[in-house]
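One structure is given below, encoded as structure tokens.
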4 protein chains.
Amino acid sequence: MARDDGEHEGPAPRGRPLSTETERAILDATTELLAERGLAAMTIEEVAARAHVGKASVYRRWPSKGTLAFDAFVTDFLDRQPVPDTGDLRADLLELLRGWTRVVRRPATGRTLKGLIAEVQRDPELAGGWRERFIAPMRASHMAVLERAIARGQLAPGANTGLIMDLLYGPAYHRLLHGHLPLNGAFVEDVVAAVMAAIEAGAL
Amino acid sequence: MARDDGEHEGPAPRGRPLSTETERAILDATTELLAERGLAAMTIEEVAARAHVGKASVYRRWPSKGTLAFDAFVTDFLDRQPVPDTGDLRADLLELLRGWTRVVRRPATGRTLKGLIAEVQRDPELAGGWRERFIAPMRASHMAVLERAIARGQLAPGANTGLIMDLLYGPAYHRLLHGHLPLNGAFVEDVVAAVMAAIEAGAL
Amino acid sequence: MARDDGEHEGPAPRGRPLSTETERAILDATTELLAERGLAAMTIEEVAARAHVGKASVYRRWPSKGTLAFDAFVTDFLDRQPVPDTGDLRADLLELLRGWTRVVRRPATGRTLKGLIAEVQRDPELAGGWRERFIAPMRASHMAVLERAIARGQLAPGANTGLIMDLLYGPAYHRLLHGHLPLNGAFVEDVVAAVMAAIEAGAL
Amino acid sequence: MARDDGEHEGPAPRGRPLSTETERAILDATTELLAERGLAAMTIEEVAARAHVGKASVYRRWPSKGTLAFDAFVTDFLDRQPVPDTGDLRADLLELLRGWTRVVRRPATGRTLKGLIAEVQRDPELAGGWRERFIAPMRASHMAVLERAIARGQLAPGANTGLIMDLLYGPAYHRLLHGHLPLNGAFVEDVVAAVMAAIEAGAL
DNA sequence: TCGTAACCGAGACGGTACGTCTGGTCTTTTT
DNA sequence: AAAAAGACCAGACGTACCGTCTCGGTTACGA
């Protein structure tokens, strides 16, 4: 989202390189503040002060509050997502959605995820990175699950995989953002049951 | 979100009453600015200037940008939602979701809805009003559709109606907010087909 | 300063007459607030609230904070000024200046007088009334003292009476406003001694 | 009034130092607006806009409108005051008072001086600075004149110098603030004549 | 080994919008 | 028609952050 991490050389990196210590301090301060107050109430001034760092050192690395919060949040979040491969589609889907709700039910994590989704709506610059570095990896990981199911013959080769994933995660994000109903175990099981029923009926 | 509109008298309304003209001017200016720039880029100063109104007259009625935008948006949006009663559940669900996507695909409306959902995540004060005055009326209207289906025998009396609605609208909000896939007619038909399949399989 | 108090009829007093009770309540509240916080920190809103009176009832009578404070202050102040007639110029001048300093040393009075002088500098509308209803009566009363001295032969008929009064009161207001030196009894005696010396030397 | 200008080092000036250009721009804009509208009608917003400067840059240096106006006014005003040394007390006093009236009769200067005196009455914070940085330097300069007169034997060593200065300037400020009589050449000569008469009679 | 480019923390810069306050006026109902 | 109450428009207040720039100083390359 922030740096390009181009791996093919570059022309020649003159001058003092960016300090990894400074970067760590900024990300740690961001994580703390995200947990303490949430993204909306966090300011870059406060991040810099907390990290004992100049504001310019933050802006040198991240162009906006959203990209910074994104970097502080996303690796950790993605690492916590399960990558199930039980040999059974229903079990895999259950594990996927259970893993997601487990992580998201932690107050700081759920709040930050909601805050980031909010920020993405407000900042078009952020939206591209969000799709590429959050939505896309999530979906890629999910697609692998579905492709294994196709390979096993549990899912038709022409199945509408995009929609299956939206039927699985859409209701979950819906409840996360609007809070009208709980994100509990029963919810997970019912969603998976419905999706599996639709798949088995050939509707997906 | 702002006023309680209690209709049983009150003790005696002393002093000059709030002017409905002023209120209209503020809401109209808000609607215009919401369409022109979106919620995030709209400022209360600009609303007041556009409405030829003092800032205090805005703050007297609405405590925050979110509540103001909410009031300017929500009545109109809810009025545009279909209230289908075709006698057939599948047809009703199709009309519900088609009506929603039709309204939400209008750029100004979609943008404002996304902005409001974002704002709700940032302002806990707003969240209660949002659930009560937006989410709840929407769901009540949807529930009526499902209850008619139960009365007709097209849906089991113990059906998980909350989940049915989340399976219908969850994927739609998901695509609206993340933009990873389109909100077109095929999407609507496929979602309804999947939900109907799950219902008919007894999974909901 | 505020009302014209025209004593020759007026055209015909239609409608409800201004309530003297209301006027008293406003003036009393003004006097209190003047003593509590000073003129600068007093607001018309606060006066109206304290007097249990609408703001319009204040503005109906007085066009500005200055005129209101003036009316609350000036009668009382002028009433407290001595009108000496001892038969001796020196003794009369001593009593004049002593009377003035005695009143002005009371903290609330001194503060209000300073505040009114300040207000007069800021509000040109007030300046005329100030000269006519405060400065002029004061000077008229002083002139009577000097004229009696002329009649007695203690002062030359062509004496520069305006300057004599400025030499008497100028230093006093100077110390009141700038606070660089005290307004005590020695000051009064020394000023009068100097002025009398100048008079006796024929310089005034 | 604003900065302490301590000249002995300080511990180490971290961060970007205050820009003298910005300070000049603010003071110049203040001087202009003081002349155009007077202190009471001047706003800090307008000063900032006129100086092409953020409001924070004004507030960083001066806590109030009064201190800002003071700094913009006082150096210039003091520089315009005469420092007479003719060898004759009467001539020195004449030059002092003539210089003061000459400067104060310029409309912008007189209005600003009146406005500042008014402001000093309204803002106790300002009063200390006013005495230290305006009243005290003026009086110090005047005292030098009187001390030279003492050294020359034109004034008794125990003369009440404070009172002499109040007799000279008190009437002048009195007429400036109340406008009841003019500040012309005759006034200056008459005041000096009276003060000299009192001195020569041994009354001061 | 030295020059220099880019970094560092600190904090001022020009801006914008905030939410509050007061001024003076206007609009209610009540007396 | 004047009363009390309080909303009206207007706009300055002082604060908080924004994202950029400047300061004195440091670090690590490459000439």
Side-chain angles (χ1 to χ4, degrees), chain A residues 12-19 21-23 25 41-49 51-65, chain B residues 12-23 25 41-49 51-61 63-65, chain C residues 13-19 21-22 25 41-46 48-49 51-65, chain D residues 12-19 21-23 25 41-49 51-61 63-65:
Chain A
R14 305 255 299 189
R16 179 176 176 176
L18 290 166
S19 153
E21 259 181 82
T22 298
E23 173 162 337
M42 178 183 100
T43 68
I44 296 221
E45 298 228 314
E46 206 176 10
V47 169
H52 305 294
V53 140
K55 283 204 286 175
S57 294
V58 179
Y59 282 108
R60 210 172 279 125
R61 293 171 169 80
W62 293 277
S64 67
K65 184 166 77 166
Chain B
R14 307 256 289 185
R16 180 175 175 175
L18 290 167
S19 154
T20 53
E21 261 181 81
T22 297
E23 174 160 337
M42 177 182 100
T43 69
I44 294 211
E45 299 226 314
E46 206 175 9
V47 169
H52 304 295
V53 141
K55 284 203 283 175
S57 293
V58 179
Y59 282 108
R60 206 174 281 123
R61 293 172 168 79
S64 67
K65 186 165 74 167
Chain C
R14 306 250 300 188
R16 180 173 171 180
L18 291 168
S19 153
E21 259 180 82
T22 298
M42 178 183 100
T43 67
I44 296 223
E45 299 227 314
E46 207 176 8
H52 305 295
V53 140
K55 281 204 288 175
S57 294
V58 179
Y59 281 107
R60 207 173 283 124
R61 293 172 168 80
W62 293 278
S64 67
K65 184 166 76 167
Chain D
R14 307 255 288 185
R16 179 174 175 174
L18 290 167
S19 154
E21 261 181 81
T22 297
E23 174 160 336
M42 177 183 101
T43 68
I44 294 210
E45 297 226 317
E46 206 175 8
V47 169
H52 305 294
V53 141
K55 281 203 285 175
S57 294
V58 179
Y59 283 109
R60 208 173 280 124
R61 292 173 168 79
S64 67
K65 186 165 75 168

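Because the structure is predicted, anything quoted here is derived from the model rather than measured. Each chain gets a letter, A, B and so on, in the order the sequences are listed, and its residues count up from 1.
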Those residues that, when tested against A:A25, pass side-chain contact (heavy atoms from CB on, under 4.5 Å) (two or more places apart): A:A51

In terms of the nearest nucleotide of DNA chain E, which residue is placed more toward the 5' end: D:A48 or A:S57? A:S57

Whole angstrom is fine here: how far is it from CD in B:E21 over to C1' in E:dC26? 13 Å

If you round to the nearest 0.5 Å, how far is NZ of A:K55 from CD1 of A:I44? 8.5 Å

Check nucleotides 22-24 of chain E against the protein and report each pair of N or O atoms closer than 3.5 Å, with its distance, or say if there are none.
{"residue": "E:dG23", "atom": "OP2", "partner": "C:I44", "partner atom": "N", "Å": "3.4"}
{"residue": "E:dG24", "atom": "OP2", "partner": "C:Y59", "partner atom": "OH", "Å": "3.3"}
{"residue": "E:dG24", "atom": "N7", "partner": "C:K55", "partner atom": "NZ", "Å": "3.1"}
{"residue": "E:dG24", "atom": "O6", "partner": "C:K55", "partner atom": "NZ", "Å": "2.8"}

Distance check needed: F:dA28 P versus A:L18 CG, whole Å only. 12 Å

According to a strict under-4.0 Å criterion, is B:T22 in side-chain N/O contact with OP1 or OP2 of F:dA7? no

So for D:R16 and E:dC13, does any side-chain atom that can act as donor or acceptor lie under 3.5 Å from a complementary atom in the base? no

Whole-Å distance, D:R61 CZ to E:dA12 P, equals 9 Å

Sequence-distant partners of B:K65, salt bridge (charged side-chain N to carboxylate O under 4.0 Å, His left out), two or more places apart: none

Grab the CZ-C1' distance between B:R60 and E:dC26 for me, whole Å please. 12 Å

Taking the side chain as everything from C-beta on, heavy atoms only, tell me whether D:L18 gets closer than 4.5 Å to D:E23. no

If you look at every heavy atom in B:S57 and B:R60, which pair is closest and at what distance? OG-NH1, 3.3 Å

